[in-house]
Amino acid sequence: MPGTTTALVGATGGAGVTRTTVELAAMLARDGDEVAILDAAYATQGLSQYVGGRLDPDTTALVTDSDAPLDAGLVDFDLTDVDGRVACCPAAAPFERLARAKTPEAAQRLAERIDEAAEAFDHVLVDTPPVAANQAVAAVSAVDRVVLVTPGTARGADALQQMRGRLRDVGVTAEVTLSTCGAIDDADAVVPESDVTSPDDAPACLASAGAFAPAVALATEVAVDEELSVEFDEESLLETVESYVSERRR
């Protein structure tokens, strides 16, 4: 059976989608799953900051010029003490190829690459920008589940409603909403801030003590609709619940 495919979509710019995607992928790997992250956020190319070395082919090449298998563009995260795997295919390209990667033809190729990844991985997560270009439309249309990610602010709440309308325009419904750095009424789960700020030190959920890792685990379960077997001490779980309730009351 193919793996589950999920697009994490920013309701607005700066929602923290890339970091959230990395943390959720790492939590799935901690649970023993093999996870691929595909980068559809061509403009920001934020996922490339989480991996080192030469990225060739990158995501944009795989949807434009390259007939290489997806595996040629995958870079593994160096994760320790986990049974699973996280492999990502970032975007890292000159402007000319970025422009070509946004064409309808390249968008269709992205959908095919998502299907290709699903044949080899338990979960495929697509780092997706706000739906305003062909590759974002292709991503949300090709996956099994769409998850909206929005800042836990008034601006984020307003953007969330606008993005839901945008998704309806392309015939897609978001199953889940995650908020970052604060809760909003419409959020199904919250991914809080962590002490880790540099991409070089991420993902934080594999090393973090306290409430952060349990909160990421809860957000992961909600996002992919799958119960995890990862265990945490009772104090951490209590901190997570109390933090979520506190954020909702603000």
Side-chain angles (χ1 to χ4, degrees), residues 1-11 15-42 44-51 55 58-59 62-63 70-71 73-77 79 82 84-91 110-131 135-150 167 172 174-180 188-189 191 199 202-206 215-228 230:
M1 290 289 292
T4 300
T5 56
T6 305
L8 285 92
V9 184
V17 177
T18 300
R19 178 59 183 274
T20 299
T21 303
V22 168
E23 294 293 345
L24 267 57
M27 185 57 66
L28 288 167
R30 180 173 175 174
D31 200 45
D33 288 329
E34 298 207 348
V35 187
I37 304 176
L38 302 189
D39 191 359
Y42 301 157
T44 57
Q45 305 185 52
L47 188 59
S48 64
Q49 300 177 28
Y50 289 84
V51 295
L55 304 176
D58 77 323
T59 305
L62 289 172
V63 300
L70 176 67
D71 187 63
L74 293 175
V75 181
D76 277 44
F77 274 79
L79 303 179
V82 299
R85 172 195 180 197
V86 175
C88 67
C89 187
L110 174 63
E112 294 169 359
R113 292 297 192 177
I114 293 171
D115 290 342
E116 183 180 352
E119 294 297 327
F121 290 84
D122 299 308
H123 290 277
V124 180
L125 306 183
V126 186
D127 180 3
T128 309
V131 178
Q135 80 275 11
V137 175
V140 299
S141 301
V143 296
D144 302 317
R145 294 175 61 79
V146 174
V147 175
L148 283 172
V149 181
T150 193
L167 289 174
V172 173
E175 284 83 5
V176 170
T177 297
L178 303 180
S179 65
T180 56
D188 297 290
V191 180
C205 67
L206 300 183
V216 171
L218 175 60
T220 303
E221 291 182 332
V222 168
V224 302
D225 192 27
E226 180 178 303
E227 186 174 348
L228 305 184
V230 177

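Predicted model only: the values in this text are computed from it and were never measured.
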Rounded distance (nearest 0.5 Å) linking atom [atom1] of [X] with atom [atom2] of [Y]:
{"X": "E116", "Y": "I114", "atom1": "CD", "atom2": "CD1", "answer": "11.0 Å"}
{"X": "D127", "Y": "T18", "atom1": "CG", "atom2": "OG1", "answer": "3.5 Å"}
{"X": "L8", "Y": "R145", "atom1": "CG", "atom2": "CZ", "answer": "10.5 Å"}
{"X": "T21", "Y": "Y50", "atom1": "OG1", "atom2": "OH", "answer": "9.0 Å"}
{"X": "T5", "Y": "D144", "atom1": "OG1", "atom2": "CG", "answer": "3.5 Å"}
{"X": "D225", "Y": "T4", "atom1": "CG", "atom2": "OG1", "answer": "8.5 Å"}

[X] vs [Y] side-chain heavy atoms within contact, under 4.5 Å:
{"X": "L62", "Y": "L70", "result": "yes"}
{"X": "P129", "Y": "Q135", "result": "yes"}
{"X": "T220", "Y": "D31", "result": "no"}
{"X": "V63", "Y": "Y42", "result": "yes"}
{"X": "L28", "Y": "L228", "result": "yes"}
{"X": "L79", "Y": "P203", "result": "yes"}
{"X": "D33", "Y": "E226", "result": "yes"}

Exercise. Determine the sole option in L148, L24, T150, V17 for which the side-chain contact (heavy atoms from CB on, under 4.5 Å) test with L178 is passed.
Key: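 Result: among L148, L24, T150, V17, L24 is the only option passing the side-chain contact (heavy atoms from CB on, under 4.5 Å) with L178.
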Measure across [X] and [Y] and return the closest heavy-atom pair with its distance rounded to 0.1 Å.
{"X": "D115", "Y": "A142", "value": "OD1-O, 4.5 Å"}
{"X": "C88", "Y": "L47", "value": "CB-CD2, 3.9 Å"}
{"X": "S48", "Y": "A91", "value": "CB-O, 3.8 Å"}
{"X": "A29", "Y": "V86", "value": "CB-CG2, 3.7 Å"}
{"X": "V9", "Y": "P130", "value": "CG1-CA, 4.4 Å"}
{"X": "T128", "Y": "A139", "value": "OG1-CB, 3.9 Å"}

Determine whether a donor-acceptor pair (N or O, by modelled atom type, separation under 3.5 Å) exists between the side chain of [X] and the backbone of [Y].
{"X": "E23", "Y": "C205", "answer": "yes"}
{"X": "E175", "Y": "V146", "answer": "yes"}
{"X": "D76", "Y": "A87", "answer": "no"}
{"X": "T180", "Y": "A15", "answer": "yes"}
{"X": "D39", "Y": "C89", "answer": "no"}
{"X": "D122", "Y": "G3", "answer": "no"}

Quiz item: Would V143 and T6 satisfy side-chain contact (heavy atoms from CB on, under 4.5 Å), going step by step from the backbone distance to the final call?
Solution: CA-CA 6 Å; V143 296; T6 305; 5.7 Å; no
Quiz prompt | F121 and L74: CA distance, side-chain angles, deciding distance, side-chain contact (heavy atoms from CB on, under 4.5 Å) verdict | solution = CA-CA 12 Å; F121 290 84; L74 293 175; 3.7 Å; yes
